[in-house]
Amino acid sequence: MNYLIGVDVGTTSTKAILYDEHAHVIGKFSQCYPLYRDINGMAEEDPQQIGTAVEKVIHDAAAQLNFDNDQLTAVSFSSANQSLILLDKHLQPLTRAMTWADTRARHQADQLKKTPLGKQLYERTGTPIHPMSPLTKLLWLKDEHPDQLATADFIGDIKSYLFARFFGVFKVDISIASCTGMMNIKTSNWDDKALKETGIARQQLPTIVSGTTQERGLNSKAATAMGIPADTPFVYGAFDGALSNLGVGAIKQDTVAITIGTSAGVRVISNQPLIDPQQRLFCYALDRGLWVIGGPLNNGGDVFQWAVEHLVDASAVKNEKTDAYTLANDVIANVPAGAHGLIFHPFLGGERAPLWNASARGSFFGLTNLHTRADMLRAVLEGINMNIATVFEAVCDLVGQPTSVTATGGFSQSPVWRQMLADILNCPVNIPQAFESGCLGATMVAMKSLGMVENYAAVQNFIGDQQSYQPQSSAVDTYQRYLPLFKSLEKVLTPAYGQIAQLQQN
């Protein structure tokens with residue numbers, strides 16, 4: 001029997017799923033590692049810890065096989081995007097990896113965004129100007145740590161580091177490259193203006209390859225750690241958001257994929273790059289000839305977690321003999337749409353799309369002495385979904401109204417959240433069977449690379465049943481009145497975000 005391993009290198013853990021040749025799940029494996037937040041704005045990882053975690057999950061997956069009879073046909077990768085690592089001449093890390101969540105480049109991003117060059121770079125690269133991008137991270141290093149930047153022979157990301165660690169090559173897939181703010185979306189190569197602005201030489205960056213590109217010839221140390229044959233093909237894959245679309249079959253322009261985990265994302269696939277005139281959305285690659293249009297949101301399940309921790313009464317949880325999340329969802333289900341006239345902006349961690357403002361902050365609006373914690377819980381969940389709806393609307397503005405929405409992530413465990421999303425979007429929402437869509441997407445890239453499938457549309461053969469939620473007219477009517485106010489408040493509050501963020505730092 002032939003088997004494949006899909007690996008998803010995330011911000012705080014790496015997951016691996018072992019599939020058979022029909023994409024049936026044989027086993028799931030994971031390893032966690034810390035996210036370092038030693039100072040304000042920092043969000044870093046140790047690339048060597050991640051390398052060890054990747055080796056471990058591949059080892060654990062491969063241990064399920066009998067190599068006398070079974071063949072591991074490929075290992076393929078999904079990874080978080082927009083990480084940055086300085087490397088020496090031997091491709092060894094000089095620094096930890098700055099992750100997408102690192103906001104120390106806030107000042108550089110704000111200054112660049114105000115200039116004509118900022119708009120030009122967005123239009124050339126499809127990456128919004130924001131502290132998340134390696135472009136602005138390099139500008140921050142250039143300003144704040146020039147000596148450290150000068151010592152670097154190479155500039156990489158977590159995936160290019162992993163392939164360097166395992167194979168001694170320095171390459172990156174077009175998908176990850178397109179998220180850096182430094183790849184020209186018309187030429188699919190490093191952009192001259194971005195290179196000039198950062199002062200980075202082209203030869204310091206990895207060679208851009210297709211996602212289906214394979215590497216063979218694992219070094220002996222890596223092969224031993226993983227317990228697999230050294231000639232096992234490793235496929236580059238793409239960034240996690242793009243592969244999540246692929247993994248749920250949302251690969252046409254009429255299907256929007258929404259992922260809600262700790263953070264959230266709204267994405268649609270296009271066969272051509274599209275740039276938002278209002279700079280609300282990104283334009284990244286899935287692979288050559290396929291583009292991902294959408295927006296990432298900082299604030300998803302983590303905001304709901306905050307609300308549950310602070311608004312759910314511990315004694316009530318004990319009395320009901322349940323857990324806090326179940327009780328919160330029961331309470332929310334009994335509060336009417338609109339939370340009795342209470343609106344919550346969920347920007348507890350700044351915000352990427354559609355604001356692209358790292359200083360954005362959360363707030364309740366309309367709070368009176370009649371409101372209860374139940375109303376506040378409902379407003380928090382509605383605020384998360386309304387924020388998603390603003391990005392959904394921007395996507396629709398650019399690519400047209402979709403015929404369906406497919407949603408995945410931890411939120412899908414909550415029926416009240418599922419229904420609320422359909423009502424706020426005023427669109428049917430399909431929830432596929434639970435699986436790691438990023439790992440399945442990576443496996444589909446491997447299958448295409450190996451010639452096991454002709455194109456990515458074959459993913460439809462491997463997706464299980466879906467549950468559909470239809471918008472309820474009474475709730476839709478309510479949210480159609482609340483959404484314009486939610487959006488207008490964003491505009492009113494935006495000038496004050498920088499001021500309150502500054503006060504919070506003092």
Side-chain angles (χ1 to χ4, degrees), residues 11 37 40-43 82 99-107 109-110 113 128-133 136 258-266 278-282 294-311 339 342-367 375-395 409-411 417 420-421 424-425 479 482-506:
T11 305
R37 293 185 178 273
N40 186 45
M42 173 190 285
Q82 293 164 332
T99 71
W100 63 269
D102 196 298
T103 60
R104 285 173 289 177
R106 183 186 297 124
H107 174 73
D110 288 345
K113 195 172 183 177
I129 305 300
H130 186 271
M132 67 180 183
S133 76
T136 58
I258 296 177
T259 306
I260 310 173
T262 301
S263 55
V266 182
Q278 298 182 49
Q279 302 185 51
R280 296 167 296 179
L281 305 174
F282 61 63
L297 301 95
N298 286 1
N299 302 284
D302 59 339
V303 177
F304 189 55
Q305 179 181 353
W306 168 84
V308 170
E309 289 175 353
H310 293 280
L311 295 174
L342 186 60
I343 289 176
F344 179 72
H345 284 94
F347 310 131
L348 303 191
E351 192 50 281
R352 289 178 288 172
L355 302 180
W356 299 105
N357 188 339
S359 297
R361 294 294 183 265
S363 59
F364 283 102
F365 178 77
L367 194 63
D375 295 326
M376 295 172 77
L377 278 168
R378 175 93 192 187
V380 167
L381 199 55
E382 289 178 341
I384 295 168
N385 284 303
M386 286 186 190
N387 195 34
I388 290 168
T390 62
V391 182
F392 177 77
E393 182 180 292
V395 169
F411 96 104
W417 197 332
M420 186 184 292
L421 183 63
I424 289 176
L425 297 183
Y479 291 130
Y482 275 67
L483 269 169
L485 181 57
F486 179 93
K487 290 184 288 186
S488 66
L489 284 169
E490 284 181 352
K491 295 177 182 178
V492 171
L493 292 172
T494 292
Y497 286 146
Q499 297 175 49
I500 192 64
Q502 186 64 41
L503 288 171
Q504 290 170 347
Q505 291 178 5
N506 295 332

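These numbers come from the heavy atoms of this one structure, side chains and all, not from hydrogens, waters or symmetry mates.
Taking every heavy atom of both residues into account, His130 and Asn357 meet most closely at CD2-N, 4.3 Å. Between Asp375 and Ala339, the closest heavy-atom pair is O-CB, 3.5 Å. Across all their heavy atoms, Arg352 and Pro296 have their closest contact at CB-O, 3.2 Å. Across Thr103 and Pro131, no two heavy atoms sit closer than the pair CA-CB, 3.8 Å. Here the closest heavy-atom approach between residue Ala101 and residue Ala43 is recorded as C-CB, 3.6 Å.
Side-chain atoms of Asp302 come within 3.5 Å of backbone atoms of Gly300 as a donor-acceptor pair (strictly under, hydrogens ignored). Side-chain atoms of Asn385 do not come within 3.5 Å of backbone N or O of Met420 as any donor-acceptor pair. Side chain of Glu351 to backbone of Asn298: a donor-acceptor contact under 3.5 angstrom is found.
A donor atom on one side chain and an acceptor atom on the other are not found under 3.5 Å apart for Gln82 and Asp102. Between Tyr482 and Glu382, the side chains place no donor N or O within less than 3.5 Å of an acceptor N or O (distance only, hydrogens not considered).
In this structure, CG on Leu377 lies 12.0 Å from NE2 on His310, to the nearest 0.5 angstrom. Note that the CH2 atom of Trp100 and the CE atom of Met132 stand 10.0 Å from one another [nearest 0.5 Å]. Rounding to the nearest 0.5 Å gives a distance of 15.5 Å between CZ of Arg378 and CE of Met376. To the nearest 0.5 angstrom, Gln305 atom CD is 4.5 Å from Glu309 atom CD. Rounding to the nearest 0.5 Å gives a distance of 4.5 Å between CZ of Phe347 and CG of Leu355.
Side-chain contact check for Leu421 versus Phe411: some heavy-atom pair is nearer than 4.5 Å. Using a 4.5 Å cut-off on side-chain heavy atoms (C-beta onward), Ser363 and Leu493 make contact. Using a 4.5 Å heavy-atom threshold, the side chains of Gln505 and Asn40 count as touching. Between Ile129 and Trp356, every side-chain heavy-atom pair lies at or beyond the 4.5 Å cut-off. Side-chain contact between Arg106 and Ser359 is present, with at least one heavy-atom pair separated by less than 4.5 Å. Two residues are said to be in side-chain contact when any heavy atoms from C-beta on lie closer than 4.5 Å; Arg280 and Thr390 fail this criterion. Put simply, the side chain of Met386 reaches to within 4.5 Å of the side chain of Phe486, judged on heavy atoms. With a 4.5 Å cut-off on side-chain heavy atoms, Ile258 and Leu425 count as touching.
Pro354 pairs with exactly one of Leu281, Val395, Asn387 by the side-chain contact (heavy atoms from CB on, under 4.5 Å) rule, that one being Asn387. Residue Phe304 is tested with Thr262, Ile260, Asn299, Ile384 for a side-chain contact (heavy atoms from CB on, under 4.5 Å); the sole match is Ile384.
Taking the six-membered ring for Trp and the full ring otherwise, the centers of Phe365 and His345 sit at least 6.0 Å from each other.
Ring-plane geometry between Phe344 and Phe364 is classed as tilted, the angle between the planes lying from 30 to 60 degrees on a 0 to 90 degree scale.
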